[in-house]
S.K.: 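Have a look at the structure that comes next, please.
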Amino acid sequence: MIEVWAPRAERVRMRRPGHADAEMTVRERGWWTADVELADGDEYGFVLGDGDALRPDPRSRRQPRGVHEASAFFDAEAFAWTDGSWTGRQLAGGLIYEMHVGTFTPEGTLDAAIERFDHLISLGVTHVELLPVNGFNGVWNWGYDGVLWYTVHEAYGGPAAYQRFVDAAHAAGLAVIQDVVYNHLGPSGNYLPEFGPYLRDAARNTWGLSVNLDAREVREFIIQNSLMWLRDYHVDGLRLDAVHALRDESPTHILQELAEAADALSAHQGRPLTLIAESDLNDPTLILPREAGGYGLTAQWSDDYHHALHVAVSGETVGYYEDFGALGAFPKVWTEGFFHNGTYSSFRGRDHGFPIPPTVPTWRLVTFGQDHDQIGNRAAGDRLSQSLSTDRLAVAAVLTLTTPGTPMLFMGEEWGASTPWQFFTSHPEPELREATAKGRIEEFEKMGWDPAIVPDPQDPETFHRSKLDWAEAATSPEVGVDHARLLQLYRDLAAVRRARPELTDPAFADCDALSGSGADSDDPRARWFVLQRGELSVLVNLTGSSHTFAVAPDAVILLSAGGGEVEPVITAASGPDPSGAASVITLAPDSAAIVAPARP
């Protein structure tokens, strides 16, 4: 039995190569059915009304020739899964690795990504987060222009390769989180409005018409899509893109419905299922338990942590970074999670955000020093490694992996990849190609960027430049970033995080922080920090001269980084120390150290 929701059509026919069109029968609420059985690989589509144009199935699992062509039936039950003993991974204590399939390897496929699992395991990664893999127009794209949410992009290997990827990840002990986009549809190949009211005609968000969450069938379309990934593809979690763009005035928010559906499936399957929201609302309602009036999602991203970290290591205070140049910005995100938790945001021109209750576990915030958005949405798509020294990158690594939240890395960050990660598209339509390129240049020109440095998203080289160069990961060039040294530091930091319980303790109450300035008190790049996780201290010196920190008499150095590889030592304080400490440690400029009492 084949069915499709098409309340806007007065007639629906199912079309298959080599067969006469089959007239479909309308049922309740605009559902059409046909008594047809399909085998794996059989192509089909729908013809709406009295026209002759073939449209793909809105719930298509496979599009072998792209989003404008016929769908192909995919038998998800034919795959022989080997992960029967997989019990999942909870997010608490985890380390996420964000990956774009098309640029992670030279081949740009899911099967090729499997071959790099040993690298991820050596990093201590527990969760692999894939940028959207749903069907989009063209060959390469970030994935956020998807128009067929149920399919897996054919150039990545299609749905069968996706099953192999998840199965291999579980065999390697890695959980898989899939990035999904429910707030808009892409500009090309979006035929859903021809079938039904998937979009609101009079409501828009940043990317186009808003998804119509007033229609029950559209809500079910989203919920069933989420369950497809979690149930049929054995995925361990979803990252929900830009949930602030979901306009929902229903008594029960769609995010709560998604959380309830995931929790029910989790209870049935006996493994944790994770839902992570990307939101710029700074609203803990998303992650509060439903018993406390929240939506019950597992976690949410904290852009504030990124902004504070970025300003601390780079000194950049343009645009939304401006407020984070404050001396207390990083200590605040360390101890309270959000910087803007009801405070005035100069970028927005209003008060923004809400406080996180201190009883919320810190791991419910996913934090990072770099991610696809914060790199790719810069004019040139430049990473921190393209402007910072190895020492500053080392300090950024320490701040990323000692976070009170759940740390996330962006692919290639771990060795200071020299390759940019730029905004790329491959729209075949000439008018869309031109509009995309022109719009990108105009956007950055308005913000004061030189339009000459903005790459053309439609130029194939923009995509190819963004692919990781794996050969550089083991190198230590005389000039530029010491890739091998940085990679080893990330491995060492992940090992310390696993070894020391203070670094995974979820209590905000055990987080404390101090900060101070160097000789130039107005320079946000010249700060020092004392960041506490219980009895463990993360000491950071980003000033232009050596800085001395008081430490406990029984403190030992668990790890040091930066400072030109000068190893710091703990010594007895010479003369009376204002803090009363008997021991001190002096850190060179652009360095950090993790210290804690020696274990018995």
Side-chain angles (χ1 to χ4, degrees), residues 56 60 62-69 97-116 128-162 165 178-181 184-190 207-208 239 241 371-383 410-412 417-441 443 454-470:
S60 169
R62 186 176 173 219
Q63 292 296 125
R65 292 189 302 280
V67 297
H68 295 287
E69 303 294 333
Y97 189 92
E98 190 185 29
M99 173 197 305
H100 176 263
V101 175
T103 52
F104 182 59
T105 64
E107 302 85 352
T109 64
L110 289 155
D111 286 325
I114 293 171
E115 300 303 313
R116 301 292 180 176
V128 179
E129 181 176 310
L130 299 181
L131 267 65
V133 299
N134 60 181
F136 54 80
N137 192 26
V139 181
W140 50 77
N141 191 289
W142 280 16
Y144 298 93
D145 285 331
V147 291
L148 289 172
W149 294 347
Y150 282 71
T151 195
V152 176
H153 184 51
E154 196 72 10
Y156 295 162
Y162 194 89
F165 179 90
Q178 181 58 60
D179 194 341
V180 292
V181 183
H184 75 285
L185 290 155
S188 180
N190 175 21
W207 306 280
R239 181 258 192 191
D241 179 66
D371 79 320
H372 76 276
D373 266 333
Q374 302 298 339
I375 299 171
N377 283 330
R378 296 175 65 82
D382 50 312
R383 298 168 178 263
F410 181 65
M411 61 177 196
S418 63
T419 50
W421 204 74
Q422 298 174 330
F423 180 71
F424 47 82
T425 56
S426 55
H427 300 306
E429 300 92 340
E431 67 281 2
L432 192 52
R433 292 168 61 98
E434 181 180 352
T436 301
K438 183 179 179 182
R440 187 76 174 172
I441 292 173
E443 175 186 355
V454 182
D456 181 355
Q458 286 287 137
D459 184 347
E461 283 306 305
T462 304
F463 167 69
H464 293 301
R465 276 193 302 270
S466 299
K467 284 180 175 282
L468 289 178
D469 177 8
W470 284 86

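These values consider heavy atoms only, across backbone and side chains, with no hydrogens, waters or symmetry-generated copies. One-based numbering along the sequence shown.
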S.K.: Hey, could you give me the CG/OG distance between D459 and S426, rounded to the nearest 0.5 Å?
M.R.: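 Rounded to the nearest 0.5 Å, the CG-OG separation comes out at 12.0 Å.
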S.K.: For P457, is there any backbone N or O sitting under 3.5 Å from a side-chain donor or acceptor partner on T462?
M.R.: no
S.K.: Going by heavy atoms in the side chains, are D179 and D241 under 4.5 Å from each other?
M.R.: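 D179 reaches D241 side chain to side chain.
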S.K.: How long is the span from the OG1 atom in T419 to the CG atom in D382, to the nearest 0.5 Å?
M.R.: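 Going from OG1 on T419 over to CG on D382, the span is 12.0 Å.
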S.K.: Rounded to the nearest 0.5 Å, how far apart are CD of Q63 and CG of N137?
M.R.: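 So the CD of Q63 and the CG of N137 are separated by 11.0 Å.
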S.K.: So, H153 side chain and V139 main chain: donor-acceptor pair closer than 3.5 Å or not?
M.R.: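 Answer holds: yes.
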S.K.: Which label fits F410 and H372: parallel for a plane angle under 30°, tilted from 30 to 60°, or perpendicular past 60°?
M.R.: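 Rings of F410 and H372: tilted, 30 to 60°.
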S.K.: Under the side-chain contact (heavy atoms from CB on, under 4.5 Å) test, which residues partner R65, sequence neighbours left out?
M.R.: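 side-chain contact (heavy atoms from CB on, under 4.5 Å) list for R65, sorted by chain: E43, E69, A70.
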S.K.: Any chance you could measure T103, atom OG1, to R465, atom CZ, to the nearest 0.5 Å?
M.R.: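 Nearest 0.5 Å value for the OG1-CZ distance: 13.0 Å.
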S.K.: OG1/T425 to CG/D456 distance, rounded to the nearest 0.5 angstrom?
M.R.: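 Between atom OG1 of T425 and atom CG of D456 there are 7.5 Å.
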S.K.: E115 and T105: side-chain donor and acceptor closer than 3.5 Å?
M.R.: no
S.K.: Give a yes or no on whether the ring-centroid distance for H464 and W140 is below 6.0 angstrom.
M.R.: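 Between H464 and W140, the centre distance is under 6.0 Å.
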S.K.: With distance as the sole test, does S60 use its side chain to make a donor-acceptor pair with the main-chain N or O of T151 at under 3.5 Å?
M.R.: no
S.K.: Taking atom types as modelled, is there a side-chain donor on R433 or T436 under 3.5 Å from an acceptor on the other?
M.R.: no
S.K.: Enter the distance from L110:CG to Y162:OH here, rounded to the nearest 0.5 Å.
M.R.: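 One finds 8.0 Å between CG of L110 and OH of Y162.
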S.K.: Inspect the surroundings of CD in E429 and state if more than 12 heavy atoms from other residues, nucleotides or ligands are less than 6.0 Å away.
M.R.: yes
S.K.: Show the nearest heavy-atom pair for residues H100 and N141, with the distance to one decimal.
M.R.: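 Residues H100 and N141, closest heavy atoms: NE2-O, 2.9 Å.
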S.K.: Look at the rings of W142 and F424 and say which category their plane angle falls in: under 30° parallel, 30 to 60° tilted, over 60° perpendicular.
M.R.: perpendicular
S.K.: Write down the atom of P187, the atom of H427, and the distance for their closest heavy-atom approach.
M.R.: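 Smallest interatomic distance, heavy atoms only, reads CG-CE1, 4.1 Å.
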S.K.: Does any non-hydrogen side-chain atom of V67 lie less than 4.5 Å from one of F136?
M.R.: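 Not in contact.
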